[in-house]
There are 2 protein chains.
Amino acid sequence: MSTARGARARARIEVTAAIKDEARRQLAAEGAAKLSLRAVARELGMVSSALYRYFPSRDDLLTALIIDAYDSLGEAAEFAHAEVAAAGPRERWVTVCTAARRWALGHPHEYALIYGSPVPGYVAPQETVPAASRVGLLLIGIVRDAHRGRGLARTPLPAGLKTEAGRMAAELAPDLPAEVVVALVASWAQLYGLIGFELFGQFNKVVEDREPFFRHAAGRLAHDVGLVYPEPGETAGGPHSA
Amino acid sequence: MSTARGARARARIEVTAAIKDEARRQLAAEGAAKLSLRAVARELGMVSSALYRYFPSRDDLLTALIIDAYDSLGEAAEFAHAEVAAAGPRERWVTVCTAARRWALGHPHEYALIYGSPVPGYVAPQETVPAASRVGLLLIGIVRDAHRGRGLARTPLPAGLKTEAGRMAAELAPDLPAEVVVALVASWAQLYGLIGFELFGQFNKVVEDREPFFRHAAGRLAHDVGLVYPEPGETAGGPHSA
DNA sequence: CAAAAACGAGAGCACTGCTCTTGCGCGGGA
DNA sequence: TCCCGCGCAAGAGCAGTGCTCTCGTTTTTG
């Protein structure tokens with residue numbers, strides 16, 4: 001069979017998983033900087049050199065953890081989105097953003113691993129890309145649905161950005177207006193600014209009651225990408241002349 | 001005299017500065033994780049244990065570098081702002097944002113040190129606070145000027161955020177409307193989301209021509225805090241019905 | 001069944017942060 | 001002016017790290 005060509009192959013899968021699990025444990029407990037191969041091996045009752053048969057270096061272990069973290073975040077967001085799939089685009093948007101925030105608060109060190117500063121001269125390998133784009137794809141899908149439905153509000157682009165905006169749209173979502181794609185990418189980045197500031201303590205003594213603050217900010221991001229229709233009971237989030 | 005109570009005291013100041021300079025060099029070259037006390041000492045021609053007379057631990061050295069980085073960023077922003085002090089609020093806003101981005105691109109590892117994931121279970125000590133708030137104070141000042149001038153557009157707050165918004169305004173800028181303070185804090189965090197995503201490679205293959213993209217996004221942040229008046233030659237940045 | 005590949009164990013290298021002890025030399029008080 | 005003390009540098013040492021290499025053993029494969 002291909003799934004179990006031998007006891008050896010199965011054992012390898014199990015040991016690999018055990019290493020990742022223990023590494024994730026240490027990552028969650030102490031952070032990426034204190035993640036030690038030797039400590040992982042020790043905890044698993046093996047000698048440290050044996051671990052190198054499974055992960056050729058510490059960075060490779062970290063890469064595996066990064067992919068898993070992206071997948072875990074993506075899964076959490078997709079699960080939350082599925083529960084409100086029938087709702088309006090704006091509520092779906094805020095739900096996905098809130099799910100990302102909740103995941104980050106629950107897995108701070110894993111979040112720091114993927115969206116914080118990259119570890120020592122580390123460059124994300126290509127294989128992280130698909131896992132990394134899951135949340136982004138979710139957001140694009142929501143905006144696309146709104147575009148095909150009631151339509152989107154648009155913000156005109158400055159002249160100097162038009163060609164780049166066209167390129168971005170062609171790459172990410174050719175069916176969406178370029179202005180919307182630009183706003184989408186910016187909102188996507190800004191979302192992680194909000195989450196990161198909360199997580200890394202920048203909001204200490206600044207924002208105390210963070211859940212409603214975040215929901216409001218996420219709603220305004222939705223507004224920025226053109227989702228201007230308020231849900232029943234919500235405020236629109238658009239600026240009114242004072 | 002109090003400035004030079006002896007050759008001893010002066011030497012201490014000089015050595016402390018030399019340590020910080022060399023540490024900053026290594027930080028810029030290799031990143032915070034590879035900053036080594038022993039390497040700093042080696043480069044300075046002293047033995048590693050001698051360095052502990054000046055900084056009791058590696059974290060203390062990092063803290064000093066963090067404060068310096070905040071100050072350097074704040075200074076760059078203030079300098080840029082001073083050059084356009086006579087311009088309209090929106091241009092001043094975008095200028096400060098752009099200065100922050102430029103500083104980050106020029107000092108990636110120092111930026112990562114202060115706005116990336118905090119190092120190993122590290123919590124920022126209280127003495128970093130004043131240096132850390134310089135850019136924020138600049139932004140508040142710009143919005144305040146606009147508020148006293150032509151006024152600001154406002155976005156209504158949801159009911160659940162009103163009390164927290166009042167608290168935030170009382171703490172940060174009692175003379176500004178609470179809605180504006182909320183938008184200001186959110187935009188402040190979102191600004192660093194934009195910068196971080198660019199710096200940490202999240203925009204690879206997504207945004208290529210980043211300068212105009214950033215300027216546009218910063219302009220929309222200005223719009224979000226109520227600075228809706230476009231400069232001559234700029235687009236307003238507000239959504240129009242499609 | 002034999003050759004080959006995969007694997008675990010152990011020793012070892014070069015490095016890290018940090019502590020402790022030892023001895024030297026400058027500086028302020030008598 | 002002398003002299004004692006304190007600030008300082010130096011060195012050894014501890015515990016830990018990532019990683020490499022070798023050496024038997026075990027399992028898979030041709």
Selection from D:dC19, D:dG11, D:dC8 that lies nearest to any side-chain heavy atom of B:Y54: D:dC8
Within 6.0 angstrom of A:R102 CZ, more than 12 heavy atoms from elsewhere: no
Shortest side-chain distance from A:S49, nucleotide among C:dG10, D:dC19, C:dT19: C:dG10
Under 3.5 Å: donor-acceptor pair, side chain of B:R38, backbone of B:S49: no
Under 3.5 Å donor-acceptor pair, A:R38 side-chain atoms to D:dG18 base atoms: yes
Sugar-phosphate, base or nothing in reach of B:S57, heavy atoms under 4.0 Å: sugar-phosphate
Donor-acceptor contact present, side-chain B:E164 to main-chain A:F213, <3.5 Å: no
Below 4.0 Å: OP1/OP2 of C:dG17 and any side-chain N or O of B:S36: yes
Sugar-phosphate, base or nothing in reach of A:L51, heavy atoms under 4.0 Å: nothing
Nucleotide C:dA4, atom P - distance to CZ of A:R8 in whole Å: 17 Å
Donor-acceptor under 3.5 Å (A:S133 side chain, A:G136 main chain): no
Nucleotide C:dG8, atom P - distance to CE of A:M46 in whole Å: 6 Å
C:dC7 phosphate, OP1 or OP2, under 4.0 Å from A:R12 side-chain N/O: yes
Contact under 4.0 Å: A:Y52 side-chain N or O vs C:dA6 OP1/OP2: no
Gap between atoms CG and C1', on B:L44 and D:dA9 respectively (whole Å): 13 Å
Atom pair distance, as rounded to whole Å: CG in B:D60 and C1' in C:dG17: 13 Å
Side-chain N,O (A:R58) to OP1/OP2 (D:dG18) below 4.0 Å: yes
Donor-acceptor under 3.5 Å (A:H216 side chain, A:P212 main chain): no
Polar pair under 3.5 Å, donor/acceptor by atom type, side chain A:R53, base C:dG8: yes
